[in-house]
Visitor: 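So that we are looking at the same thing, I have put the structure below in structure tokens.
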There are 2 protein chains.
Amino acid sequence: MTTQFDPDESTARTAADRVFEALQSAIIRGDIPAGSRVGETELAERFGTSRGPLREALRRLESRKLVERTPHVGIRIASLTHEALIEIYYVREALEGMAARLAAMHMTPEEVAGLRALLAEHERDEALQADTAYFQQEGDLDFHYRIIKGSHNRALTDLLIGELYHLVRMYRQQFSAYANRPQKAFGEHLRIVEAIEARDGDLAEMLMRRHVSSARQNIERHLNEHEQTPM
Amino acid sequence: MTTQFDPDESTARTAADRVFEALQSAIIRGDIPAGSRVGETELAERFGTSRGPLREALRRLESRKLVERTPHVGIRIASLTHEALIEIYYVREALEGMAARLAAMHMTPEEVAGLRALLAEHERDEALQADTAYFQQEGDLDFHYRIIKGSHNRALTDLLIGELYHLVRMYRQQFSAYANRPQKAFGEHLRIVEAIEARDGDLAEMLMRRHVSSARQNIERHLNEHEQTPM
DNA sequence: ACTGGCTGGATTGTCGACAATGGCCCGGGA
DNA sequence: TCCCGGGCCATTGTCGACAATCCAGCCAGT
């Protein structure tokens, strides 16, 4: 069951980078169950490398909050609590709101056009698939990615895409995503794009914040209904 | 010029953690000049350890944007451009604004009282020292730290304190801080605390955002005057 | 029977050496 | 004189082995 790579595509970089990406994918996709303890030796031979590069990969994953390490004890795959997810959504609200504001200021006309094209594509898919949520999931990520990159703010982009979104994706995998009202989300996306086209930074930020906030409230409602956190 | 440690205080954790903190301090304090290339072997023997732990420390510092690594080439201490500093201030504006909002909602009465006590202490120091900026620098950081922690949002706290503020501090060390109008800043701090005491989250966020935004505009003004980025 | 300490095993932390890659310098040719 | 190519060297990437630490289970004592 050793993982196999394309020998010319991924070997370009160093082995530590390969095992880092592979391990990250494995965690996000749920191939390694969340919250489980794993040994370094086990992981090392699983990914066909030594413990040296593996440990470096683990350090990076630790800073991304994907694994937890306790000295002399071991590694466990991160299992996020619902509270942590809610906290992340507050951060997303602040950062993506700012991203939308900056996108309205700095996006090139080509980027805006691409954004609207993406939205049109979503509309077709949505019309076809009505309320199936999964494809819309990836489309939703794509939409947010474009606005984040449209901010042309590297610090903001690195923080959101490099640090936060991995956790969000792991979450969606763990709890197979709360039904996230694709038609409502699409309408919100539409209005955000309109605000960006109008170069209205204030409005774009406000709409994006409400969009993220709605998603958070939607999750909180689900949690209260299902009473998943008795405590 | 080898760094020295308290042999009982810092040795509690692992050696990789010690060299991580030591290296981070050295970078922030400017002991290692920004932008300079350094070799792994050199650093390893400087901190009295082997290359193994040092490389793990470097990985963590890399994710914190304090060093830059290029494979097979080497390490260079991060030297932030002015544009990067401005970008960080936009992120701070968004995140600390949210932190102030959450602090107004979630701070305990004790934390609020401590915040006001800190402000009173600043007022005394400020009255004594008029316009000397340096002490106010640390006080300013302390003020912001308390509000961030007052948000009771771990994701937000980790991001701001764990990822961002090191860069801000390194900056202040590099460029020995732009004169940051302590009396004006103090007044803004005062109004933020008042908003938090009134549990007015909207106002607290707005004031904090304007506070950070003012600091950013102050820096931008200095950059334009001195024309430090000819390009 | 239960608590306390202890020993054995396993896992992580650390180290030194080897291999591989990139940069630099020197020499030759146009 | 300038440009290009090849070889050498330094530095990084990787590996395997040794040492330190923690956890589990057992044994003894009360």
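Because the structure is predicted, anything quoted here is derived from the model rather than measured. Quick note on labels: first sequence line is chain A, next is B, and so on, each numbered from 1.
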Visitor: Identify, between A:H72 and B:R59, the residue whose nearest nucleotide on DNA chain D lies closer to the 5' end.
Guide: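 The residue mapped nearer the 5' terminus is B:R59.
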
Visitor: Tell me: CG of B:L54 to P of D:dG13, nearest whole Å?
Guide: 11 Å

Visitor: What orientation do B:H122 and B:H189 show, parallel under 30°, tilted 30 to 60°, or perpendicular over 60°?
Guide: tilted

Visitor: Out of C:dT14, D:dC15, C:dG13, which nucleotide sits closest to the side chain of B:A16?
Guide: C:dT14

Visitor: Quick one: A:R37 CZ to D:dC22 P, roughly how many Å, whole number?
Guide: 14 Å

Visitor: Whole angstroms only, please: what is the CD-P distance between B:E56 and D:dT12?
Guide: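 These atoms are roughly 16 Å apart.
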
Visitor: Looking only at side-chain N and O atoms, does A:T14 come under 4.0 Å of OP1 or OP2 in D:dT14?
Guide: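 For D:dT14, OP1 or OP2 has a side-chain N or O of A:T14 closer than 4.0 Å.
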
Visitor: Of the options C:dT14, D:dG13, D:dC22, whose atoms approach the side-chain atoms of B:A15 most closely?
Guide: C:dT14

Visitor: With the side chain of A:V73 defined as its heavy atoms from C-beta on, choose the nearest nucleotide among D:dG13, D:dC23, C:dT12.
Guide: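 Nucleotide nearest to A:V73's side chain: D:dC23.
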
Visitor: A:D17 has an atom CG; how far is it from atom C1' of D:dT14, in whole Å?
Guide: 13 Å

Visitor: Measure CZ/A:R51 against C1'/C:dA10 and give the value in whole Å, please.
Guide: 12 Å

Visitor: Measure from CD on A:E42 to P on C:dA10 and round the result to the nearest Å.
Guide: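 Rounding to the nearest Å, CD of A:E42 and P of C:dA10 are 15 Å apart.
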
Visitor: When we call it a touch if two heavy atoms are under 4.0 Å apart, what does A:G52 touch: a base, just sugar-phosphate, or nothing?
Guide: nothing

Visitor: Is the closest basic N to carboxylate O distance between B:E87 and A:R154 below 4.0 Å?
Guide: no

Visitor: Figure out the CD1/P separation between B:I75 and D:dT11, and round it to whole Å.
Guide: 11 Å

Visitor: Quick one: is B:T41 getting a side-chain N or O under 4.0 Å of the D:dT11 phosphate, OP1 or OP2?
Guide: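 The answer is no; no side-chain N or O of B:T41 sits under 4.0 Å from OP1 or OP2.
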
Visitor: Closer than 4.0 Å, any side-chain N/O of A:T49 to the OP1 or OP2 of D:dC15?
Guide: yes

Visitor: Starting at CD of B:E40 and ending at P of C:dC18, how long is that distance when rounded to a whole Å?
Guide: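 To the nearest whole Å, that distance equals 18 Å.
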
Visitor: May I ask you to check whether B:H82 and B:H222 place their ring centres under 6.0 Å from each other?
Guide: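 Not close enough - the centres of the two rings lie 6.0 Å or further apart.
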
Visitor: According to a strict under-4.0 Å criterion, is A:R55 in side-chain N/O contact with OP1 or OP2 of C:dG13?
Guide: yes

Visitor: Is any NZ, NE, NH1 or NH2 atom of the basic residue among B:D140 and B:R172 found under 4.0 Å from an Asp or Glu carboxylate oxygen of the other?
Guide: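 Counted as a salt bridge, because a side-chain N and a carboxylate O are separated by less than 4.0 Å.
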
Visitor: Would you call the rings of A:H144 and A:Y165 parallel, tilted or perpendicular, where under 30° means parallel and over 60° means perpendicular?
Guide: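 A:H144 vs A:Y165 ring planes: tilted.
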
Visitor: By nearest atom, which of the nucleotides D:dT14, C:dT12, D:dG13 is closest to the B:R69 side chain?
Guide: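 Nearest nucleotide to the side chain: D:dG13.
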
Visitor: Which nucleotide in the set D:dG16, D:dG13, C:dT14 lies at the smallest distance from any side-chain heavy atom of A:S50?
Guide: D:dG16

